[in-house]
Structure formats: structure tokens, C-alpha cells
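Note sheet for the following structure.
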Amino acid sequence: MTVGKKKSKQFRREALNLPAAKYFTKVNRLKKLSWAIARLSPSWQACIPIAAIIVLVWGYAAVAQTPATPTTEEQLASLKVGMDTMWVMVAGMVVFFMNAGFGMLETGFCRQKNAVNVLSKNLIVFALSTIAYWAIGFALMFSDGNGFIGTSGGFFLWNVADNSPATGDAYQGIFSALNWTGVPLNAKFFFQLVFAGTAATIVSGAVAERIKFLEFLIFSLLLVGIAYPITGHWIWGGGWLAKAGFWDFAGSTVVHSVGGWAALMGAAFLGPRIGKYRDGDTVAMPGHNMSIATLGCLILWLGWFGFNPGSTMAVDPNAIAHIAITTNTGGAFGGIAATITAWLYLGKPDLSMIINGILAGLVGVTASCAWINVPNSAIIGTIAGILVVFAVTFFDNLKIDDPVGATSVHLVCGIWGTLAVGLFADGPTTGLYTAGPAAGLLVGGGFGQLWAQLVGIISVGGMTVLLSTIFWMALKALLGIRVSALEEAEGLDIGEHGMEAYTGFVKETSLDNRSETSYGGYGGGSGGKTTKL
């Protein structure tokens, strides 16, 4: 016990002396530092206060550059811009994926000997659209100008005046027509680009299986760079049609009808495929792969949920959900109506008609999807599904050969969808929307909105037909737009690309102008041949 008490006292004394020990240690360190400084030359000693000043200045600058904490309002505004931008970009990417749908659909509807050609056109057309729209198309369509076309520049989006995502009166720039959406300029461009690419892709199917590859590429550049932006400026660019009260929410006219009119003129100038019309009858030339055609339809159906709801260009939950439902309802009723109509009119529920009926319903509801109620979207889709079946036979009677029915789907139903705004729009006083078309004729409105829609259809159709005619005639005169009869019979895969999509498979030929079947043989009589390549 005595030894333990002694150790305890020793520990207490050491504890009491600890601060003093630390004090003397610090003094010794200061002395050593003074001696070390004294050993330095006068020049080095003079550097010490300078170094201290530099350190103090840097520290003050760092504190001065620390940004002030943003207010709650600023944080919410920044968050909204971020969410809106993400929604617009994702929706645009979904629309971009529609290129895969068009590629699958058109390839499946065409014969196997032209599969590579159809795929090649659908793949490269978006690359060409990107160049044309980036270079001049976006500037002509959306820059400030007159009622006819944008004239404020903005070509290549290079050094343009634009303070997006500022909106409304706070916006300062040359793209005032897009000042209603609070996203960066590049997001605005990307979303509009995928729409322009869609218009060019529509043409591909209608001119398939007989057009020269290079000439189609040139036409696509002209369409996206010149024709599409001009009529687009009239409507979405704040041009004269917009001021006249014409409304098109997501592009029944701006995109689909423009592509349809251009496709119609291309099919007319090209003429029908060899053997399509014989002795006054229309000879069926079935597609070679309805599986991928059906897959293409489903991809396009999915893409429409970016096409229509994405056109809000803002995260508006109520609007996005409402538009998605009206869009889906229109497509569903279009498919059902086309199935029943084809069953009654043609005798069988033709799969190609089911596919085109779904697409017809989607096209038909595109212009009005934000301004109509769900029951009316079902009516619009139903009428579109019926129209597309009769439109296919109508164009065949005119000897206009459209292998995939692009004109029937996009032109005819695009026109119907645009008229539907003037018939079924609820009106801005109903609570469904606050800015948009007047109430339609069938929901208690007058003829005013319907008349504005009719004027827009005729004007856009006339201008697109005029420009497309000039483009097609110039290409036909200067380069020729159709492949030779021998190349068409052999298939554009070999003639235009020097390769096949199905190497080693049985391939159909086209001798004696006999119609080909999807099984590699011939319809319409005996004497057909198949060759193994």
C-alpha cells in the first residue's frame, strides 16, 4: 500500500508539472526558430514578410471568391431548369429511337432483295438531317424574322445571341419563338432535330425499292434544310400561320403531313415498281418479314410517348400524363378500327393494315393530343384507322405505288389530325389548358378554329408540293432518280450497295414482270423461278 501511495503522488506531481513542461518546450522551439532565421542571409530574411503577405492575400481572395449561398427561390429555379432539360433530352432520345422503328417497319414491308438499301437509307438519313438542320434548318425555322422565314441568322448555332434558359420577357436572343420553354438552347435544338429527321424518314418508305441511293440523300438534305424549316417557321417559328390562329401541338402537319406530301410527290415522279400494276389490276408485292415490321410498329408506338408528351418541353405532370393517355388511346383505337375495316373490306384482318392502323391513330391524335379529352381521342383514332385502309386502295387506284403506306398514314391521317383540332379542341376556358386553340366545332365552338386549320393544311401542302416538285424534277433532270429495270429486278442491295441482307438464303427474282411473294416464288401464274445466291 505504501509503494502504491508513493507512485500515485509521483503521477500527480508529473501531471501538475505538465503545462510548465509544454511551455518550456514551446520557448525552446521559438529560440531554435530565431536562431535558424538569424543564420539566413539578409536577402532570405527579407523574403519572410513578403511570403507572409502573399499567404494572407491568397487566403482573403479565397474567402472573397466563395459564392454566396443561393436563396431557396434560386435553388428551386435551378432545379426546375435541370428537370425540364432532362425531360426534353430523354424525350428527344426516345424520338430518335423511332429511326429504328422506321427502319424495321420499312424493311419488313419491302422485299428481301432491297433490305440493305432500305436499312441504309433509314440509318444515314438522320445523319444527313443532323447536318442540314444544324447548318441552316434550325436558323431558318426558329430565328426571328418575318412571317415567311427566319432571317436573324443562327447558322451552325455559332456565336448566336441567346440567354436560354431564360423565358418570356427575360429572354434575350434571336430565337424568340422558343422563349416559352426554360431549357438551354442545345436542348431546344436537339428536340427539334429529331422531329426534322422524322419528316425525312417518312419519304424513305414511299420511294423504296426503285430510287437511287445518292439522289435520295440529296433530296433529304434539301427537305430538312429548306422545305421543312420554311413551313415549320409559319407554325412553330411564330410565322403567319401561328398569328392566324393555326395550332399543331406535336406535328400532324409540321412533321407528318410535310413528310407525307414530299413522299407523295416522290412516289409520283418515280412511278410504280415494275409489275405493280398490270392490266388495270393492282398486284400484291408482300413484304418479306412481317416480324420485324411488327417490331418496328411497337418501337414507333413507344417513340410516340416521347414525340407527343415531350412536346411540352417542361416537366408538367398533369400535361405529360394527359397527353400520354390521349396518344395511347388514339393509337389503340386506330389499330382496332383498321383491323375491323380491313376484315370487312378486304375479307381478312391484314397484319399490315393493323400496323398502319395503329400508326394512323397515333398520327391523327398528334396535333390535338394536349387539347382534347380522352373520349374524343378515341374518336379521332377510330376515324384515322378507318381512313388509312381506304387511303391505301385510293392511292393504288391512282397508280401511286407506296410500298409501306407512308402517304396513307402520314399524309392522309396528318390532314385528318390537323382538322380534328378544329373539331374537338376543348377550348382554353375548360381548364384543360389556358393557351391554345379555340373550342372546336363539335364541342360547342364555331367554325373559326376549323377554318384556321383548313387554311394551314392547304398552305403547308401547297408549299411542300411546290418545293418537293422542284427538288424532284431537278434531280430527275440532272442525275436521274430511278434505277434501271435490270437493277430493280436484281434488287437494289446488289446494284446500289454490292451486298445482300440474307446471304445464302433463297432470293426472289423478278422476271417477266411477275409479282414476287415473300416466300421467294411468284404470284400470278406459273413459270416463276427462284435462285440460290
Side-chain angles (χ1 to χ4, degrees), residues 102 105-111 114 117-118 121-122 125 198-220 222-224 227-228 255-278 281-287 293 352 356 359-360 363 387-415 460-477 479-485 487-488 492 496 510 515-516:
F102 279 116
L105 179 74
E106 293 176 17
T107 303
F109 274 175
C110 293
R111 294 167 290 181
N114 299 311
N117 180 257
V118 175
K121 288 190 298 179
N122 277 275
V125 73
T198 299
T201 306
I202 292 169
V203 180
S204 171
V207 299
E209 300 199 292
R210 73 269 199 203
I211 192 171
K212 291 182 178 179
F213 188 66
L214 176 61
E215 284 65 21
F216 171 75
L217 302 186
I218 295 173
F219 180 83
S220 298
L222 295 171
L223 177 67
V224 177
Y228 174 82
V255 179
H256 296 285
S257 289
V258 167
W261 285 117
L264 176 66
M265 300 313 297
F269 278 106
L270 275 169
R273 290 167 291 176
I274 296 174
K276 176 64 178 176
Y277 305 110
R278 187 174 59 219
D281 295 327
T282 299
V283 179
M285 293 183 172
S352 65
N356 279 338
L359 300 181
V363 171
L387 282 174
V388 74
V389 176
F390 291 103
V392 170
T393 56
F394 171 76
F395 285 118
D396 275 334
N397 290 334
L398 294 179
K399 302 296 186 292
I400 296 177
D401 184 14
D402 180 353
V404 305
T407 50
S408 301
V409 171
H410 299 279
L411 175 56
V412 173
C413 295
I415 291 173
V460 172
M463 176 56 70
T464 306
V465 167
L466 174 63
L467 293 176
S468 296
T469 299
I470 293 172
F471 297 156
W472 286 121
M473 290 184 66
L475 288 170
K476 187 173 184 178
L479 301 173
I481 57 176
R482 181 160 182 157
V483 299
S484 66
E487 187 176 348
E488 184 177 343
L492 275 64
E496 290 284 297
S510 182
S515 63
E516 304 158 39

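This structure is a prediction, so every number in the text was calculated from the model and none was measured.
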| task | Would you check if Ile218 and Leu214 make a side-chain contact, meaning some heavy-atom pair closer than 4.5 Å? | result | yes
| query | Under the 3.5 angstrom rule, does the side chain of Arg210 hit a backbone N or O of Ala208 as a donor-acceptor pair? | reply | yes
| said: For Ala200 versus Val125, what's the shortest heavy-atom pair and its separation? | reply: CB-CG2, 3.7 Å
| field | Side chain proximity check, Ile202 to His256, heavy atoms < 4.5 angstrom | value | yes
| message | Assess whether a salt bridge exists between Glu488 and Arg482, defined as any Lys/Arg side-chain N lying under 4.0 Å from an Asp/Glu carboxylate O. | response | yes
| message | For a quick test of reading the model, state the closest non-hydrogen atom pair linking Phe395 to Tyr277 and the distance between them. | response | O-OH, 4.3 Å
| Is Lys212 reaching over with its side chain to a backbone N or O of Glu496, donor-acceptor style, under 3.5 angstrom? | no
| note | Scanning both residues in full, the closest heavy-atom pair of Val404 with Asn356 reads O-ND2, 3.4 Å
| request: State, without any angle test, whether Thr407 and Asp402 hold a side-chain donor-acceptor pair at a distance under 3.5 Å. | output: yes
| request: Decide yes or no on side-chain contact (heavy atoms from CB on, under 4.5 Å) for Val412 and Val388, but give the supporting numbers first. | output: CA-CA 7 Å; Val412 173; Val388 74; over 6 Å; no
| message | Within the 4.5 Å heavy-atom criterion, are Leu475 and Phe219 side-chain neighbours or not? | response | yes
| note | Separation between CZ (Phe471) and CG (Leu466), nearest 0.5 Å, reads 9.0 Å
| query | At what distance, to the nearest 0.5 angstrom, does OG of Ser204 lie from CD of Glu106? | reply | 4.0 Å
| query | Counting N and O atoms only, with roles assigned by atom type, does the side chain of Ser468 sit under 3.5 Å from a partner on the main chain of Val465, one being a donor and the other an acceptor? | reply | no
| request: Take the angle between the ring planes of His410 and Phe102 and call it parallel below 30°, perpendicular above 60°, tilted in between. | output: tilted
| field | Between CG on residue Asn397 and CZ on residue Phe394, distance to nearest 0.5 Å | value | 8.0 Å
| query | Would you say Asp396 and Ile400 make side-chain contact, with heavy atoms under 4.5 Å? | reply | no
| query | Just by modelled atom types, is the Leu492 backbone N or O under 3.5 Å from a matching donor or acceptor in the Asn117 side chain? | reply | no
| query | Quick one: CG on Leu222 to CH2 on Trp472, what's the gap to the nearest 0.5 Å? | reply | 9.5 Å
| query | So which heavy atom on Val409 is nearest to which on Ala360, and how close? | reply | CG1-N, 4.0 Å
| field | Shortest non-hydrogen contact between Pro403 and Gly205, atoms and distance | value | CD-O, 3.5 Å
Distance-only criterion, 3.5 Å: show the donor-acceptor pairs between side-chain atoms of residues 260-274 and protein atoms not counting sequence neighbours.
from	atom 1	to	atom 2	distance (Å)
Arg273	NE	Asp401	OD2	2.7
Arg273	NH1	Glu209	OE1	2.3
Arg273	NH2	Asp401	OD1	3.0

| task | Any chance you could measure Ile481, atom CD1, to Met473, atom CE, to the nearest 0.5 Å? | result | 10.5 Å
